[in-house]
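Single-structure report; data block below.
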Amino acid sequence: MTMEQDVALDGRNAEDTIKDQYLTFAIEGEDYGVEIAFVKEIIKMSPITRVPEMPDFIEGIVNLRGELIGVLDVRKRFGVPIKEHDDETCVIVIIGDKLSSGLGLLGLIVDSVRETAIIPEENMAPPPNAKLNFANQFIRNIGRVDNDVKLLLDLERFLALE
């Protein structure tokens, strides 16, 4: 059964079964999340081909089983210090076609992937009104999972080139 199929085994449609699920990942020791509906897969780091005249946070392109996808460094996009990639560094492949920008597939380089978390709406709050740092413009909600806090990305804003 695929996510595109309309009916899940319990009678709910596929969109309902993934509605409150987020793939969480770490950057600079903080946990962030993206809606699981936008995630195609997680891949290991692979060689990146640099493309001239791209924004600094766009690392370049990678060959994903014959398909070229752009990759961006989440650390650079957030303006946090760069660190060397290690065994936990990976790429979250996002299905950009599901966004209004229709970007196709795009990879996000993250420090590590944590878990898939279920965060219902009642466990979310909007980010603080005060701009505490550059990254706040990319946060849609703050989710609570037990005693942990997850900063949930607004992918539309995060992937915008402005």
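The structure presented is a predicted model; accordingly, all values stated were derived computationally and were not measured. One is the number of the first residue; the rest follow in order along the sequence.
Pairing each heavy atom of Pro127 with each of Arg140, the nearest pair is CD-O, 3.2 Å. Scanning all heavy atoms of the two residues, the minimum distance from Gly70 to Leu106 falls at O-CD1, 3.1 Å. The two residues Ile94 and Leu155 have their closest heavy-atom pair at CG2-CD1, 4.3 Å. Here the shortest heavy-atom pairing between Ala117 and Val145 reads CB-CG2, 4.2 Å. Pairing each heavy atom of Leu108 with each of Leu159, the nearest pair is CD2-CD2, 3.9 Å.
Inter-residue side-chain proximity for Val91 and Lys44 is flagged as unmet; no heavy-atom pair is nearer than 4.5 Å. Side-chain contact between Leu68 and Val62 is absent, with no heavy-atom pair separated by less than 4.5 Å. For the pair Val113 and Thr24, the minimum side-chain heavy-atom distance is 4.5 Å or more. You'll find the side chain of Ile139 stays beyond 4.5 Å of the side chain of Asp154, heavy atoms only. Considering only heavy atoms from C-beta on, Ile48 comes within 4.5 Å of Val71 through its side chain. Proximity of Ile142 to Val149: side-chain heavy atoms (C-beta onward) are separated by under 4.5 Å at one or more points. By the 4.5 Å heavy-atom criterion applied to side chains, Val93 and Ile42 are not counted as neighbours. Residues Tyr22 and Glu35 have side chains in contact (heavy-atom distance under 4.5 Å, counting atoms from C-beta outward).
In this structure, Arg144 does not pair ionically with Glu122, as no charged nitrogen and carboxylate oxygen lie closer than 4.0 Å.
Not a single side chain to side chain donor-acceptor pair (under 3.5 Å) links Asn141 to another residue, sequence neighbours left out. In terms of the side chain to side chain donor-acceptor pair (under 3.5 Å) criterion, residue partners of Asp86 (sequence neighbours excluded) are, by chain and number, Lys83, Thr89.
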>> Between Ile109 and Leu72, does the side chain to side chain contact (heavy atoms under 4.5 Å, CB included) criterion hold? Intermediate values first, please.
In response: CA-CA 6 Å; Ile109 301 171; Leu72 68 86; over 6 Å; no
>> Would Lys150 and Glu115 count as a salt bridge (charged side-chain N to carboxylate O under 4.0 Å, His left out) here? Give the steps.
In response: CA-CA 11 Å; Lys150 312 290 183 188; Glu115 64 182 344; 3.5 Å; yes
> Passes side chain to side chain contact (heavy atoms under 4.5 Å, CB included), Ile95 versus Leu105? Steps please.
Replying inline: CA-CA 5 Å; Ile95 307 167; Leu105 295 180; 4.3 Å; yes
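Counting only residues at least two apart or on different chains, the side-chain hydrogen bond (donor to acceptor under 3.5 Å, both in side chains) pairs with a member in residues 55-68 are Glu41-Arg65, Arg50-Glu59, Glu59-Lys76.
Aromatic ring centroids of Phe57 and Phe158 lie 6.0 Å or more apart.
In the hydrophobic cluster analysis, where Ile, Leu, Val, Met, Phe, Trp and Tyr join through side-chain heavy atoms closer than 4.5 angstrom, Phe38 is grouped together with Val110. Phe78 and Leu152 fall into different hydrophobic clusters, where Ile, Leu, Val, Met, Phe, Trp and Tyr side chains are chained together by heavy-atom contacts under 4.5 Å. Phe25 and Ile119 are members of different hydrophobic clusters when ILVMFWY side chains are connected at heavy-atom separations under 4.5 Å.
Side chain of Asp111 to backbone of Glu28: a donor-acceptor contact under 3.5 angstrom is found. Between the side chain of Asp73 and the main chain of Arg75, a donor-acceptor pair closer than 3.5 Å is present.
Sparse packing is recorded around CD of Glu121, with 12 or fewer heavy atoms of other residues, nucleotides or ligands lying under 6.0 Å away.
Note that CG of Asp148 is 9.0 Å distant from CZ of Arg114, once rounded to the nearest 0.5 Å. Taken to the nearest 0.5 Å, the CD1 atom of Ile27 stands 13.5 Å off from the CZ atom of Arg77. Atom CD1 in Ile36 sits 15.5 Å away from atom NZ in Lys19 (nearest 0.5 Å).
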